[in-house]
K.L.:
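Okay, here's the structure, questions in a sec.
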Amino acid sequence: MKGDVRVRFAPSPTGALHIGGAHTALFNWLWARKNGGAFVLRIEDTDRTRSTKEYEETIMKGLRWLGLDWDEGPVTGGPCGPYRQSERSHLYQENAQRLLDLGLAYKDGDAVIFSVPKGKTIAFEDIVYGNISMESETLKDIVLIKSDGFPTYNFAVVVDDYLMDITYVIRGEDHISNTPKQILLYEALGWRLPRFAHLPMILGKDKKKLSKRHGATSVYEYRDMGYLPEGLFNYFALLGWSPGDNQEIFDRDEAVRLFDLSRVTKRAAVFDMDKLDAVNQIHISRLDPQKRVELVKPFWKELGLEPENLNGDFLSEALELLQGRGKTLREVAAFSDYFLTFEVVKRRYDGSDISDSQKSLLREFFTQLFDKSRWDAHEMASFAKEWSKDKGLKMKDVAMPFRMAITGTKVSPGIFEVAALLGKEETAKRLQYYGLL
RNA sequence: GGUCCCAUCGUCUAGUGGCCUAGGACACAGCCCUUUCAAGGCUGCGGCACGGGUUCGAAUCCCGUUGGGACCGCCA
C-alpha cells in the first residue's frame with residue numbers, strides 16, 4: 001500500500017565503500033524493502049578529479065556483497081536515468097538557467113551562484129531529529145554550477161532527488177546543515193520536498209569521525225578479515241537502531257520485518273569491534289555446514305593449505321567439531337588447520353617437552369587405546385578415563401599430550417572427537433612421529 | 001569563531017511522567033560444566049553529565065551549565 005516509497009543511496013566514487021556509506025545504504029535499503037518501495041543507486045561523480053570508474057565498481061560490489069540489491073542504478077537502468085551525475089549535465093544546466101532567468105541566481109566568473117534570501121527562517125521536520133530550523137542570514141550564497149561546468153553537490157542532489165522522485169532522503173547526520181540550503185533550492189524551483197531522515201554518525205573508539213586512523217574502514221577489509229556479510233549487516237543495523245525488544249541477532253528478512261525509521265536513535269554510535277566479533281561469531285555458527293566449508297576455503301588457502309584435496313564431508317564435520325570457536329572465518333581456518341595436514345602440526349610442535357619416562361608411559365596408553373577400543377570418541381574417552389584412573393593419573397595427563405601430538409596446539413575441540421574424525425591411520429601416523437606409538 | 005545537532009553502564013541500546021531500588025547485549029570478573037579452548041548456564045561489576053525549575057511524582061517535560069560531534073569548499 002505504500003509502494004510510493006523511493007529512497008536512494010548516492011555515493012561519490014572517490015573511494016571504496018566505507019563503514020559510514022554502508023550503514024547509510026543499509027538503512028535506505030531496509031526502508032525501501034520494508035515498504036515495498038524502490039532503492040535507487042545514484043553515482044555522484046561530479047568531482048571530476050577524484051571520481052573513478054574503478055571505485056564505482058568497488059562500491060557496487062561491496063553493496064552486492066552485503067546483500068543490498070538496488071532496483072535502479074547505472075548499469076541496472078530505470079525510468080529516471082541516467083544514474084550517473086556526470087551524464088545528467090543538461091538537467092543541472094537547465095535548472096540553473098531557470099534560476100538565472102528568475103533572477104534568483106547570478107553569475108560570477110563562469111560559476112552560477114544562488115543568492116540566499118535574507119530574513120528567512122528555514123525549518124523542516126526531520127523524521128529522526130524532529131524540528132530543525134535555521135536563519136537564512138547564517139547562510140552564504142550557494143554555488144550551483146562550478147566554473148568547470150559541473151554542478152555542486154548541493155545543487156545536483158536537489159535536482160536529482162526531485163527528478164528521480166525520491167520521497168525519503170535518508171543520509172548521515174553530517175548533512176543536516178546542508179538541508180536548509182537544499183530546501184531553499186527546492187522552494188526556488190517550486191518543487192515539493194521529500195521527507196528527510198538523518199542518521200546518527202558512526203564514530204571511532206576515540207569518538208571522532210571514523211577515518212583510516214581507526215583501522216579498517218572499507219567493507220572489503222572486513223570481508224578479507226573473515227567477517228560474514230550477514231554479520232556486518234546485523235551489526236550495522238544495530239548502530240543507531242534497535243527493534244525495541246531485546247532481540248539483537250537477525251538476518252536480512254527479519255531486519256526488514258522489524259525495521260522502522262521511527263526507531264532510529266539520535267546519538268552518534270561508536271564502532272565496537274568486540275561486539276562485531278560477537279555478532280559475527282553467532283552468524284558463523286548459524287551457517288549451513290557445507291556453505292561454511294566453502295566460505296572458509298579461501299582462508300585455508302591463505303594459510304597455504306589445500307582444502308580442495310580433501311573430502312567435503314570431512315571438512316564439514318571438522319568445522320562442526322569446532323562449534324562456537326572462531327569469531328571470523330580467518331580464525332576458523334586457523335583453528336582447524338591440523339585437519340588439513342600434519343605438516344602444520346610438525347611445524348609448531350617438536351615434542352621435545354616429553355621426557356623419556358613420560359614417553360614410555362604414554363606409549364603404553366596409546367598401544368592399548370589402539371588395541372582395545374573401537375575407533376569411537378566415546379569409547380576412547382571412557383578407556384582414557386579408566387586407564388588414567390588406574391595409573392593414578394588425571395584424564396588430562398593423557399589428553400593433553402594426545403592433543404599436542406595430533407593438533408600441535410593446546411587448544412582444540414574434544415581430542416577424542418578430533419582423533420575419531422582424523423581416523424585411526426592418520427592418528428597413528430602422528431603419534432608415531434612423536435614416538436608415542 | 002559562527003550555525004546546527006546530541007547527551008542512560010567502558011561500548012551498542014530499552015526506556016516517551018508513576019510498571020525503574022533503570023532492562024538487555026558486548027566487554028570484563030567469578031562460578032558451574034570440563035581432557036584444553038570455546039560454546040552453554042548462573043552470578044557479579046557498572047549508567048540516567050551537572051544545576052535549577054514544572055509536577056503529588058521525573059531518566060522521561062522546560063531552562064541553564066558542562067561535555068561531545070557535525071557543518072561552515074567552485075569536496076561530496
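A note on names: the letters A, B, ... follow the listed sequences, proteins ahead of strands, and every chain is numbered from 1. What you see is a predicted model; the values in this text were computed from it and never measured.
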K.L.:
Between B/rC71 and B/rC42, how far apart are the two P atoms, rounded to whole Å?
P.N.:
44 Å
K.L.:
Across the strands shown, which category fits A/Pro413 at heavy-atom distances under 4.0 angstrom: base, sugar-phosphate, nothing?
P.N.:
base
K.L.:
Are any of the side-chain nitrogens in A/Arg403 or A/Glu417 under 4.0 Å away from the carboxylate oxygens of its partner?
P.N.:
no
K.L.:
Measure from the side-chain heavy atoms of A/Leu238 and tell me the nearest of B/rA14, B/rC12, B/rC5.
P.N.:
B/rC12
K.L.:
With nearest nucleotides of RNA chain B determined for A/Asp272 and A/Ser262 from heavy-atom distances, which residue corresponds to the more 5′ nucleotide?
P.N.:
A/Asp272
K.L.:
A/Glu248 has an atom CD; how far is it from atom C1' of B/rA25, in whole Å?
P.N.:
4 Å
K.L.:
Any base atoms under 4.0 Å from A/Thr265, or only sugar-phosphate, or nothing? Heavy atoms, all strands.
P.N.:
sugar-phosphate
K.L.:
Is there a Watson-Crick or G-U wobble partner for B/rG40 with both distances under 3.5 Å, and if so, which one is it?
P.N.:
B/rC32
K.L.:
Taking OP1 and OP2 of B/rC37, is either one under 4.0 Å from a side-chain nitrogen or oxygen of A/Ser412?
P.N.:
no
K.L.:
Identify whether any heavy atom of A/Thr49 sits under 4.0 Å from a base atom; if not, whether one sits that close to sugar-phosphate; answer base, sugar-phosphate or nothing.
P.N.:
nothing
K.L.:
Verify, without hydrogens or angle tests, whether A/Asp376 (side chain) and A/Ala420 (backbone) share a donor-acceptor contact under 3.5 angstrom.
P.N.:
no
K.L.:
Kindly say whether the aromatic ring centers of A/Phe271 and A/Tyr235 come within a distance under 6.0 Å.
P.N.:
yes
K.L.:
When rounded to the nearest Å, what value does the distance between P atoms of B/rA7 and B/rA49 take?
P.N.:
10 Å
K.L.:
Does the side chain of A/Lys266 get closer than 4.0 angstrom to OP1 or OP2 of B/rC6 through an N or O atom?
P.N.:
yes
K.L.:
Using a strict threshold of under 4.0 Å (side-chain N to carboxylate O), is an ion pair present between A/Asp337 and A/Arg348?
P.N.:
yes
K.L.:
With a 3.5 angstrom cut-off on both distances, give the Watson-Crick or G-U wobble partner of B/rA7, or none if there isn't one.
P.N.:
B/rU66
K.L.:
May I have the distance from A/Gln323 (atom CD) to B/rA39 (atom C1'), rounded to whole angstrom?
P.N.:
7 Å
K.L.:
Give me the distance, rounded to whole Å, that separates B/rU8 from B/rA25 when you measure between the C1' atoms they each carry.
P.N.:
15 Å
K.L.:
Determine the contact category for A/Gly240: base if any of its heavy atoms lies under 4.0 Å from a base atom, sugar-phosphate if only primed atoms, P, OP1 or OP2 are that close, otherwise nothing.
P.N.:
sugar-phosphate
K.L.:
Provide the distance between the two P atoms, one in B/rU66 and one in B/rC26, to the nearest whole Å.
P.N.:
38 Å
K.L.:
List the protein contact pattern of nucleotides 69-76 of chain B with one symbol per nucleotide (5' to 3'): B for base contact, S for sugar-phosphate-only contact, - for none; contact means a heavy-atom distance under 4.0 Å.
P.N.:
SSSSSBBB
K.L.:
Taking the six-membered ring for Trp, is the centroid-to-centroid distance between A/Phe250 and A/Trp241 below 6.0 Å?
P.N.:
yes
K.L.:
Would you mind classifying the nucleic acid contact of A/Glu417 as base, sugar-phosphate or nothing, using non-hydrogen atoms under 4.0 angstrom?
P.N.:
base
K.L.:
Please tell me whether A/Trp191 and A/Tyr162 form a close aromatic pair, meaning their ring centres lie under 6.0 Å apart.
P.N.:
yes
K.L.:
Calculate the interatomic distance between A/Arg286 atom CZ and B/rG40 atom P; express it in whole Å.
P.N.:
12 Å
K.L.:
With rounding to the closest Å, how many angstrom separate the C1' atoms on B/rC28 and B/rG46?
P.N.:
10 Å
K.L.:
Between atom CD1 of A/Ile145 and atom CD of A/Gln93, what is the distance when rounded to the nearest 0.5 Å?
P.N.:
4.5 Å
K.L.:
Using the C1' atom as the point on both nucleotides, what is the distance between B/rC61 and B/rG18, in whole Å?
P.N.:
15 Å
K.L.:
B/rA38, B/rU35, B/rC12: which one has an atom nearest the side-chain heavy atoms of A/Arg325?
P.N.:
B/rA38
K.L.:
A/Lys275 has an atom NZ; how far is it from atom C1' of B/rC12, in whole Å?
P.N.:
5 Å
K.L.:
Under 4.0 Å, heavy atoms only, any strand: does A/Gly414 hit a base, just the sugar-phosphate, or nothing?
P.N.:
base
K.L.:
Measure from the side-chain heavy atoms of A/Arg267 and tell me the nearest of B/rA7, B/rC4, B/rU36.
P.N.:
B/rA7
K.L.:
Picking from B/rU35, B/rC26, B/rC12, which would you name as closest to the side chain of A/Lys396?
P.N.:
B/rU35
K.L.:
Could you give the CG-to-P distance, from A/Asn280 to B/rA38, as a whole number of Å?
P.N.:
18 Å
K.L.:
Output the rounded distance in Å from CZ (A/Phe250) to P (B/rU13).
P.N.:
12 Å
K.L.:
Please state whether the rings of A/Phe27 and A/His23 are parallel, tilted or perpendicular, taking 30° and 60° as the class boundaries.
P.N.:
tilted
K.L.:
5'-most contact on RNA chain B: A/Phe271 or A/Tyr129, nearest heavy atom basis?
P.N.:
A/Tyr129
K.L.:
Tell which nucleotide pairs with B/rC61, taking only Watson-Crick or G-U wobble pairs whose two distances are both under 3.5 angstrom.
P.N.:
B/rG53
K.L.:
Using atom P in both nucleotides, what's the gap between B/rA59 and B/rA70 to the nearest angstrom?
P.N.:
31 Å
K.L.:
For A/Ile415, which contact category applies under a 4.0 Å heavy-atom criterion: base, sugar-phosphate, or nothing?
P.N.:
base
K.L.:
Could you pull out the closest heavy-atom pair between A/Leu189 and A/Asn95, with the gap in Å?
P.N.:
CD1-O, 4.1 Å
K.L.:
How many whole angstroms separate atom NZ of A/Lys327 from atom P of B/rA38?
P.N.:
8 Å
K.L.:
Which whole-number value in Å describes the distance from A/Arg263 CZ to B/rU16 P?
P.N.:
10 Å
K.L.:
Tell me the partner of B/rG46, counting only Watson-Crick (N1-N3 plus N6-O4 or O6-N4) or G-U wobble (N1-O2 and O6-N3) with both under 3.5 Å; none if nothing fits.
P.N.:
none
K.L.:
Let's test this: given Watson-Crick or G-U wobble pairing with both distances under 3.5 Å, identify the partner of B/rC72.
P.N.:
B/rG1
K.L.:
On a whole-Å scale, what distance lies between the C1' atoms belonging to B/rG10 and B/rG47?
P.N.:
10 Å
K.L.:
With the side chain of A/Ala269 defined as its heavy atoms from C-beta on, choose the nearest nucleotide among B/rA14, B/rU35, B/rC12.
P.N.:
B/rC12
K.L.:
Assert yes or no for the condition that the ring centre distance of A/Phe9 to A/Trp70 is strictly below 6.0 Å.
P.N.:
no
